[in-house]
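So you know, we letter chains A, B, ... as the sequences are listed, proteins then strands, and number each from 1.
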There are 2 protein chains.
Amino acid sequence: MTVADRRVAALDLMMELVLLLGGDMTQSLARDGLTVSRAHLLWELRHRGPSTQRVLADALGVSARTITGLVDGLATTGFVTREPHPTDRRATLVTFTAHGAQITETMERGQRDLAQLLFAGIPADRFGHFTEVLGEVMTRLRAQIPPGEVL
Amino acid sequence: MTVADRRVAALDLMMELVLLLGGDMTQSLARDGLTVSRAHLLWELRHRGPSTQRVLADALGVSARTITGLVDGLATTGFVTREPHPTDRRATLVTFTAHGAQITETMERGQRDLAQLLFAGIPADRFGHFTEVLGEVMTRLRAQIPPGEVL
DNA sequence: TATTGTTATACTCTATAACTATA
DNA sequence: TATAGTTATAGAGTATAACAATA
């Protein structure tokens with residue numbers, strides 16, 4: 001196998017990772033009544049606190065219209081509420097319900113569990129090399145993406 | 001940073017990879033008039049040759065109805081045609097047009113270019129460790145996914 | 001009877017454009 | 001004028017269920 005072939009094989013492996021990790025996430029979220037996009041919104045909310053829809057649109061890199069739909073769905077299913085903005089009457093603050101906050105914590109725990117499952121028992125030096133190369137690859141990939149894309 | 005934290009950080013990095021690689025792919029495919037799902041279908045066609053829609057549905061892990069829609073789109077935009085199955089009059093054989101075959105080759109070249117971009121210049125031993133750990137992680141992930149899921 | 005692919009219906013995510021209420 | 005969010009409209013991907021043609 002040539003060097004080029006080994007590189008393509010590594011990319012194939014990363015692509016398979018994308019598919020498997022994506023599929024696994026989709027299914028596990030569906031069990032909680034969530035989609036990937038809605039979970040992404042909850043994730044941002046977790047890290048930012050109550051936020052306007054405009055802020056969420058920029059954070060997720062989607063249109064304002066899309067956020068309206070996502071918040072509609074999350075409000076109907078009881079994960080968030082729309083609260084009036086204290087000073088700007090045009091804006092709403094998307095805010096967790098108790099259920100939404102609890103589910104988000106559960107997601108965070110699930111993430112820790114998955115990380116243990118995937119990496120536990122790998123010798124520290126090998127794990128270190130792995131994350132270093134992965135970091136380098138990510139740096140190259142970020143440089144490749146037209147700036148101002150996909151938060 | 002604890003060991004557990006480092007593992008979560010590595011998983012975060014892989015999640016970012018999923019997002020960036022996915023976004024990059026989506027955009028580059030859009031320039032060719034394709035979506036991720038349609039490209040996935042072309043990819044299977046490339047590796048299997050002319051196939052029935054039933055076979056494609058199983059390969060992509062989606063319903064027969066979804067394949068009808070994907071083939072409709074690809075036929076309208078001139079990537080594939082539906083040809084009669086030589087022996088089973090219920091079935092159709094999805095087949096590349098010249099344009100479809102050419103675009104698929106272009107995609108394959110693009111994949112090689114991306115692999116070079118991401119991995120070129122990384123010392124062989126580090127690259128080797130990286131793919132070994134990645135392979136181990138993939139093995140664990142595959143074991144985790146309920147069997148008979150996401151080809 | 002079983003299988004292939006379609007039509008019918010529905011939900012989610014996405015976008016642009018036009019519009020309302022507010023800044 | 002500019003901004004926040006909505007309604008209107010449209011396209012894509014996904015699913016299940018009912019149905020036609022064929023095996």
Positions of residues 62-85 of chain A (non-hydrogen atom under 4.0 Å from DNA chain C), listed by number: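 Residues of residues 62-85 of chain A that come under 4.0 Å of DNA chain C are, in numerical order, Val62(A), Ser63(A), Arg65(A), Thr66(A), Leu70(A).
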Shortest side-chain distance from Asp88(A), nucleotide among dA23(D), dA23(C), dG5(C):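 Taking heavy atoms from C-beta onward, the closest nucleotide is dA23(C).
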Interatomic spacing from CG in Leu42(A) to CD in Glu108(A) - rounded to 0.5 Å: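 Taking CG in Leu42(A) and CD in Glu108(A), the distance rounds to 11.5 Å.
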With a cut-off of less than 4.0 Å, is there a side-chain N or O of [X] near OP1 or OP2 of [N]?
X: Gln53(A); N: dT3(D); value: no
X: Arg89(B); N: dA21(D); value: no
X: Arg38(A); N: dT12(C); value: yes
X: Thr92(B); N: dG5(C); value: yes

Side-chain polar contacts of residues 84-91 of chain A - donor-acceptor pairs under 3.5 angstrom, sequence neighbours left out - could you list them?
from	atom 1	to	atom 2	distance (Å)
His85(A)	ND1	Thr87(A)	N	3.1
His85(A)	ND1	Thr87(A)	OG1	3.4
His85(A)	ND1	Asp88(A)	N	3.1
Asp88(A)	OD1	Arg90(A)	N	2.9
Asp88(A)	OD1	Arg90(A)	NE	3.1
Asp88(A)	OD2	Arg90(A)	NH2	2.9

Rounded to whole angstrom units, what separation is found between the [atom1] atom of [X] and the [atom2] atom of [N]?
X: Arg54(B); N: dA23(D); atom1: CZ; atom2: P; value: 18 Å
X: Leu34(A); N: dT12(C); atom1: CG; atom2: C1'; value: 13 Å
X: Asp58(B); N: dG5(C); atom1: CG; atom2: P; value: 10 Å
X: Leu29(B); N: dG11(D); atom1: CG; atom2: P; value: 21 Å
X: Leu41(A); N: dT14(C); atom1: CG; atom2: C1'; value: 15 Å
X: Gln27(A); N: dA15(D); atom1: CD; atom2: P; value: 11 Å

Of all pairs that satisfy salt bridge (charged side-chain N to carboxylate O under 4.0 Å, His left out), the ones with a partner from residues 113-134 of chain A, not counting sequence neighbours: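 Those involving residues 113-134 of chain A are Arg126(A)-Glu132(B), Glu132(A)-Arg126(B).
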Which residues share a side-chain contact (heavy atoms from CB on, under 4.5 Å) with Ala4(B), sequence neighbours left out: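 Counting only residues at least two positions away or on another chain, Ala4(B) forms a side-chain contact (heavy atoms from CB on, under 4.5 Å) with Arg112(A), Gln116(A), Thr2(B).
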Sugar-phosphate only, base, or nothing, as touched by Thr87(B) at under 4.0 Å among non-hydrogen atoms: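 Sugar-phosphate contact only.
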Geometric class of the Phe130(A)/Phe119(A) ring pair [parallel <30°, tilted 30-60°, perpendicular >60°]: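 Because their plane-to-plane angle lies in the 30° to 60° range, the rings of Phe119(A) and Phe130(A) count as tilted.
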Donor-acceptor pair (no angle test) under 3.5 Å: Arg90(B) side chain, dT3(C) base: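 Per atom types, the contact qualifies.
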Under the salt bridge (charged side-chain N to carboxylate O under 4.0 Å, His left out) test, residues paired with Asp72(B) that sit two or more places apart: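 Result, salt bridge (charged side-chain N to carboxylate O under 4.0 Å, His left out) vs Asp72(B): Arg82(B).
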Where at least one partner belongs to residues 96-105 of chain A, residue pairs that pass side-chain hydrogen bond (donor to acceptor under 3.5 Å, both in side chains), sequence neighbours excluded: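 For residues 96-105 of chain A: Gln102(A)-Thr106(A).
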